[in-house]
Every structure is written in C-alpha cells, then in structure tokens.
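In what follows, chains carry the letters A, B, and so on, assigned in the order in which the sequence lines appear, proteins first and then strands, with residues in each chain numbered from 1.
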Amino acid sequence: MQNFYFGVEGRQLFGCLHSPLPAKDKGIGFVICYPFGHERIRAHRVLYNYAQSLSENGYWVLRFDYWGCGDSEGSWEDVTALTMGHDVVEAVDFLKGQMPSSAQVGLVGLRFGATLAAEVAEEDARIRYLALFSPTLKPKDYVFERLRAYISTISVATGKVAESRNQIIAALKTGKPANIDGFHLSTPLYLSMEPLDLLAHKKKFTGDISVTEIIPPGKEFVSKNMSESLLLSYGRASTTRLGAVQAPNFWDLLRSYSPRIDALASETLQWLPSILRGRGE
Amino acid sequence: MEQVLEFFCEGFKLYGVLHTPTTRPQRRVVVVLVPYGMNTRHGPQRVYVNLARELCQAGYYCWRFDSIGCGDSEGDLSNLSGHHRDSAYWQMVNNGGFINDVCAAVQHIKATIAPDGILLGGICGGAIRAALVAAEDHAIKGAMLCGFPSTIADPSATSLDKMTERTAHLTLKAYLAKLTRLESWLRLLSFRSEYGRIYKSLIKGMTGKFFRSKPATANTAGSLSLSVDKQPVNERLVQAMFTIARSDRKFIVAFGENDPYLHMFEEKMEPRLWAEAAGTAFEKDIVPMSNHEFGLAEWQARFRSGLFQWISKHFSVHY
C-alpha cells in the first residue's frame, strides 16, 4: 500500500493505493467512496481491510479523502456534495493513470459514499462496476435523523430546549449552519444534499451494479423493498444484484468499534467473478 | 507542507503525516498528537488536522500518526475480544499498554527533523498514552492531556453511566421544558423517547438537588455518579504527571465543561496535583459548555485556541 497526495496544488487529495501483485492483476480497479462525517471515521478501518482483501485477490483499490476531509487539503466548512462528486472523478482519473491502460474502473460506496458513487456513475461513462453498501437513499432524511443528536447535545449543554428539527432545517436554508455529530453542516452543503434521491429517477448507468444491505445480527432486512426499488431504477444496467450481509452497523457512533467485516469483501469477491464468468471473460 | 512518513514498530509499518512550516523557524518545536481510542490520526471531527495546520502556520512542526492496527497503519486489533473490544482496549490503555508505537513515533520524528523541543498530546486514551511516554522521555518538554478518564474503570461505559449531577440537571431541565411541546409528548407516548436518559436525569437530577454533597458551580459539575465515585484513580497516570511536573516540564489538562471526565479529574486527581506540583507545572483549560468529544464546531475552535495559546506561551519557536 502506498500513501500519497495527488491532484492540483492547493486542492490536493490524500490517497492510499492498494496494488495487486502483478501475477494476480485482474485488470480492474475500484475507487472507494467514504461515507459522511463521523461515519467516515468509524468506517475507516473496515474499508482499509476491505481494500486489502480486494488487492490480495488481484484488484486495484484507491481509498482517498474528499477535499476538506481527512488529510486532504481544504476545510470541511467549504465541502458540498458537488465538490465530493468532483473528487470522486479526480480519484478515478488518478487510478486510471496508475493501472494498465486496458484496466476497467468501478466505484465502491458506503452510505453517503454510495449515494455519491451512484451519482458519479450516471455521468462518467468510464465507470463499469458499481458496488453500493447500505446506500443513503435520501440524504436529506439522513440529515433530518442525525439532527436529533444535535438537538440533544444543545439541550444537555444549555438546559434549554433547542429548536425543532424543522426549525433548524428552515434556518439552515437561510444561511444559519447546523451540526451533525460534530461536523459543521453549512447551507451550501445541505442544499447540495437535499435534492439527492437515489429512487427518484431511472438511471442511465449501463455497467454492473451490486447493492448490499448491511443488516445488524438478529434484525430483519426491513429495507428490502427500497433496495429492490433502487435496483429496478437501473433498467439499463448489464447486470444487477441484491445482497445482504449480517454485520453490525460499524459506521454508527454508538456501536462497538469494528476493525474488519470480512463479509463485505466476500460479497464483492463473489460478485465480480460471477459477472465475468457469465460473460465468458 | 504536509508529507506522509513511514516508520516501524514491532515489525509493522506505520504511517503518519508531518506538517512542516513553510518558513523555517529559529527553533524547531514539534507537536506530536497521539490518536484517541482506536481511531485515526485525524482526531475527533478532524480536530488534530485543524490544530496541526494552525500550529504549522505559526512556525511549529506537527506530527500525527496512526497507531498499530488503526487508521492506515499495519497490524490487527480484531483479536481484541469481540463485542468487548472497546473495553479490552481501554483496560490495556489504562494499564500502560499501546505506548510502544507512541515511543516509535517520537523516536522517528527525533531522527527526521532533530527538533529543539518536543510536545506530546492527545485526547482521551491518547492523553493517557502521551502522559506515560512523556514521563519517561525527558526530551519531551511538555504534554497536552485532554478529556482523559482519571480512574481505571471501563471508560467505554455509556454516557448514562457516567452522567454527572450537572449534566443530569441540565438534561432534566431540557426535558421539563419539552413538556410544553406536542411533538415531545408524541415521541414519549409512541415509545420513541430515550427512557434511560429521562430516568437517569430524573433520579440523578432530583437526588442531586436534595442530597448534594458539594454544590455545583458554574465551573464544576458537582458530585460524580455513584458508580464512578467508587472507581480507583489511575495511579500510573498520576505518577506520570508528577514525574513531568517534578522534572521542570509543563503540561496542560483540557476538558469540555460537560465532560464527565472533567469532574472525575476535579474530584479525584486535581487536589493531589496541586499538592504535589504546587500549581507551577500544570494549567487547566475548560471549554465552556462542551461535551467530551468537543462535538460542536465552536467548541472545537475554542479547544484548539486554548492549546494554541498554551503552546505559544511556553514553547516559542523564536530564540
């Protein structure tokens, strides 16, 4: 694994490239799209181990920090969904430059990272594979849910009742920032997330897509209908696959820390060969 | 300038980021930040990155790294026992574990930039590890110990277990104010409220009001929760602080005002530090209203500003 900075001066991104051994190189590379805010911190090690597993099995993997996040340049206060999407494209450019010219590219996304990956794959014809893990289908609903923690934090700090979530959203739209799990939520960031809805429209993506829901042990696959609806919107995809993995919601702040979930890599490592076999590749 | 550096510890390759000031300072002072818990070199809500960049602008070097088995470094902590992984980790930190990689990071930065002065700091478990290493290495001239537990009980206990009188009082006050809201009643009656929090705040808030052993003030939290009160002090940590203070070095402790660990510190550790160190070696900074993890942007900014001022005051980069 190599760690480095890439991109243009003043807007450099931090990246980690997991390269396969030349003898094992399958000629396919993935860019991993991290989730949002605190979920990124909690998920970091699981995605590190996921990337290691894929590279040991012959795939190239690039993990990177969005601009304003992790070790990349920039400030979180200036991040929007648009800048994050732009960073994914830049990461794809970089990965393409590292691999043999014939190599194919895919995106792997977790939670809001999956939302971004799906959005980028709509516009970028280079994306051949899309692996979405527990995608945040409607980011504005996610923000609404997480604002409860913000209200609780304010209430405990001041002993006063904070504004309701609807009042906070209304204020956010007029320029008053909020906060999600300690991460500043600016008006431009919220406004860029608000219109995103993975179920809203038919997709143009023509590659192969896998949607995997991560279901805590002992829980039911309650969002199965939503995941099926998402896959139905990919009517032009070459292949679609719906999967489920029993594992804790490792990105959740309140859950016990999980350094690795081997089932995630297993999902991808079973999915890709099955597609390639189906095509006789 | 920020650059990735590699170093080795116990046969594992570890990674970190070194912030180098663009204008070469007269004195090379490097601030080393120890990761908190099993997390990455970025700190909670990226607070280490922002602090490092601010310090770097002012002429300081700053070195953030990932511990063994964390972030981008090699190693594997998944063998720490399953569901109790956090507890197992904490017990090891409290008992002086996970310091070899901190020592290796310090040695690496000594070899890389030959600093005139080294400061070591961290949040929560990172603070404990920083204190233990600083005590033994006299090249470390100062320590920044933030939001750390003073007892050796399991700090991964829930926030409800650690709720102090002050936090319970504020929580209870907020819940009482919510009684005027229809939305709150709907949540309560539809089983969506946090009943554990309501119960704890009621019990602790009410009993604290009538049976308080020591009055809470604007700067203190009042009494600790009963379970915390029985826990033994982390003597290893106290002795490390004494060692730093007695060797004419300096340290600062920083906490959020609503961090239960502040109140642990005030009751169980601070009186002994004042007695031993006579107040000359250490300073205390409290971030008003903040919780343990400095969970709002303004609290993070205030936290960074407190550390920045302390560093600037005691460790100049100019002769």
Which of the residues [options] is involved in the greatest number of heavy-atom pairs with chain A at under 4.5 angstrom?
options	answer
B/Ser290, B/Gly69, B/Ala297	B/Gly69
B/Gly295, B/Pro44, B/Gly43	B/Gly295
B/Ala52, B/Ser73, B/Gly256, B/Pro288	B/Ser73
B/Gln3, B/Lys13, B/Arg53	B/Arg53

Exercise. Closest heavy-atom contact between B/Gln45 and A/Asp181?
Worked result: NE2-O, 3.1 Å

For this session: Might you point out which heavy atoms bring A/Ser72 and B/Arg46 nearest each other, and give the distance in Å?
Result: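 Heavy atoms only, the tightest pair is O-NH2, 2.7 Å.
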
With a 4.5 angstrom heavy-atom cut-off, could you sort out which part of [X] is near chain B: side chain, backbone, both or neither?
X	value
A/Ser75	backbone
A/Leu47	neither
A/Tyr5	side chain
A/Tyr150	side chain
A/Asn49	neither

Note, [X] side chain near [Y] side chain (heavy atom, < 4.5 Å):
X	Y	value
B/Asp72	A/Tyr48	yes
A/Trp76	B/Asn50	no
A/Arg40	B/His42	yes

For this session: Applying side chain to side chain contact (heavy atoms under 4.5 Å, CB included), run through B/Glu2 and A/Phe14 and close with a yes or a no.
Result: CA-CA 10 Å; B/Glu2 293 167 30; A/Phe14 180 84; over 6 Å; no

For this session: Considering only heavy atoms and a distance below 4.5 Å, find which of A/Arg45, A/Glu77, A/His44 pairs most often with chain B.
Result: A/Arg45

Exercise. Between A/Cys69, A/Pro177, A/Ala51, which residue shows the highest count of heavy-atom pairs closer than 4.5 Å to chain B?
Worked result: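 Of the candidates given, the most pairs with chain B belong to A/Cys69.
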
In Å and rounded to the nearest 0.5 Å, what is the [atom1] to [atom2] distance from [X] to [Y]?
X	Y	atom1	atom2	answer
B/Asn39	A/Arg42	CG	CZ	6.5 Å
B/Asp76	A/Gln52	CG	CD	10.5 Å
B/Glu298	A/His184	CD	NE2	9.5 Å

For this session: Determine yes or no for a side-chain-to-main-chain donor-acceptor pair under 3.5 angstrom, with B/Glu6 supplying the side chain and A/Asn3 the backbone.
Result: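 No, the answer is negative, given that no donor and acceptor are paired below the 3.5 Å cut-off.
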
For this session: Return yes when atom CE of A/Met1 has more than 12 non-hydrogen atoms of other residues, nucleotides or ligands closer than 6.0 Å, and no otherwise.
Result: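 It does: A/Met1 CE has more than 12 such atoms within range.
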
